[in-house]
J.: 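Have a look at the structure that comes next, please.
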Amino acid sequence: MRFHISALAALSTCSLFVSALPKAEPGSEHMKDNEKRSARPKVIIDNDFSGSTSWPPTMLLLYAGYEVLGFTVALGNSWVDAESTRILRFLEVSSVLQLSQMRVPEAFTNRLPSNQNQIVNLTQIPVFKGVTFPLINTAARSNAWQAAFGSLGWNGMFNPENATADALGGDPQSGDPYRITPIPEGLPTIKAQNQSAVTFMIEQVHKYPGEVELYVAGGCTNVSVPFELP
């Protein structure tokens with residue numbers, strides 16, 4: 001499997017759009033399949049869901065007519081279990097979305113082909129938990145590096161545990177990576193899928209050769225793991 005990376009400037013200058021393409025030789029069945037692309041582009045949204053900035057890319061991709069195959073939760077601002085509650089509750093609260101009712105800035109409407117007549121039931125889009133721990137880094141390693149070379153400025157899940165922030169619904173950091181903190185809008189009643197984010201990505205890439213794009217806005221651990229698999 002190979003990945004082609006291109007910028008998605010209309011959504012974010014610090015995120016990546018990754019087109020996942022199975023290896024294919026000219027004249028092969030995969031190459032023929034790649035040429036038969038559906039009219040509606042497909043995307044998997046991989047993000048470390050937490051604050052309000054997590055949601056606009058999802059709304060804009062839907063507005064632009066993308067079929068969101070699923071959400072995959074990445075390490076970053078917090079631990080995967082806590083971030084999963086954020087995206088699940090967002091989908092649950094938003095529920096049925098009429099795209100024509102979205103207030104989209106003119107800067108985007110001029111650059112994105114709208115799909116305003118579509119009604120989307122957000123609770124039908126599956127959520128998949130990603131890798132639980134970083135492949136290499138740890139809190140101790142991060143702290144040692146900063147002691148030697150200076151502050152990184154952003155530590156995400158490696159920030160010191162803060163029980164006060166946890167009680168107020170903040171993103172849990174350090175400490176128990178499986179703990180769930182209360183959030184103002186309430187915890188979700190819908191659940192994440194049992195399948196892992198990594199196997200879901202691989203499955204969809206092979207199911208839709210040449211059609212699946214990955215919007216990667218959090219840590220890149222989930223999209224790194226497939227390269228380590230046989």
J.: Write down the atom of N137, the atom of P134, and the distance for their closest heavy-atom approach.
T.: O-CB, 3.4 Å
J.: Quickly, which of I202, V198, T199 forms a side-chain contact (heavy atoms from CB on, under 4.5 Å) with V225? Name it, please.
T.: V198
J.: Quick check: closest heavy atoms across T85 and I183, and the distance to 0.1 Å?
T.: O-CD1, 4.2 Å
J.: Looking only at heavy atoms, which two atoms of A167 and P182 are closest? And how far apart?
T.: O-CG, 3.9 Å
J.: Among all residues two or more places apart in sequence or in another chain, which pass the side-chain hydrogen bond (donor to acceptor under 3.5 Å, both in side chains) test with N222?
T.: D46
J.: Please report the shortest heavy-atom distance between D48 and A217, naming the atom on each side.
T.: OD1-O, 4.0 Å
J.: On a heavy-atom basis, which atom in L75 and which in W79 lie closest, and how many Å separate them?
T.: CD2-CE3, 4.0 Å
J.: Not counting sequence neighbours, which residues clear ring pair (Phe, Tyr, Trp, His ring centres under 6.0 Å) with F90? List them please.
T.: W55
J.: Quick one: side chain to side chain contact (heavy atoms under 4.5 Å, CB included) partners of S78, sequence neighbours excluded?
T.: A82, E83, D171, P172
J.: Under the side chain to side chain contact (heavy atoms under 4.5 Å, CB included) rule, collect the residues that match up with A192, sequence neighbours excluded.
T.: L88, V127, K129
J.: In Å and rounded to the nearest 0.5 Å, what is the CG to OG distance from N143 to S174?
T.: 7.5 Å
J.: Indicate the atoms forming the closest heavy-atom contact of P41 with E213, along with that distance.
T.: CB-OE1, 4.3 Å
J.: Side-chain heavy atoms under 4.5 angstrom apart, residues restricted to Ile, Leu, Val, Met, Phe, Trp, Tyr: same cluster for I180 and V80?
T.: no
J.: Once side chain to side chain donor-acceptor pair (under 3.5 Å) is applied, what residue pairs with a partner in residues 179-189 remain, sequence neighbours excluded?
T.: E92-T189, D166-R179
J.: Applying side chain to side chain contact (heavy atoms under 4.5 Å, CB included), name anything that partners Y178, two or more places apart in sequence or on another chain.
T.: D81, T132, F133, D176
J.: Hydrophobic clusters here meaning ILVMFWY residues chained together by side-chain heavy-atom distances under 4.5 Å, can you tell me if I190 and I87 are in one?
T.: yes
J.: According to side-chain hydrogen bond (donor to acceptor under 3.5 Å, both in side chains), who are the partners of S142, at least two apart in sequence or on a separate chain?
T.: Q146
J.: Would you please name every residue forming a side chain to side chain contact (heavy atoms under 4.5 Å, CB included) with P126, sequence neighbours left out?
T.: F128, Q193
J.: Can you pull the ring-ring contact (aromatic ring centres under 6.0 Å, His included) pairs that have at least one residue in residues 147-166, sequence neighbours excluded?
T.: W145-F149
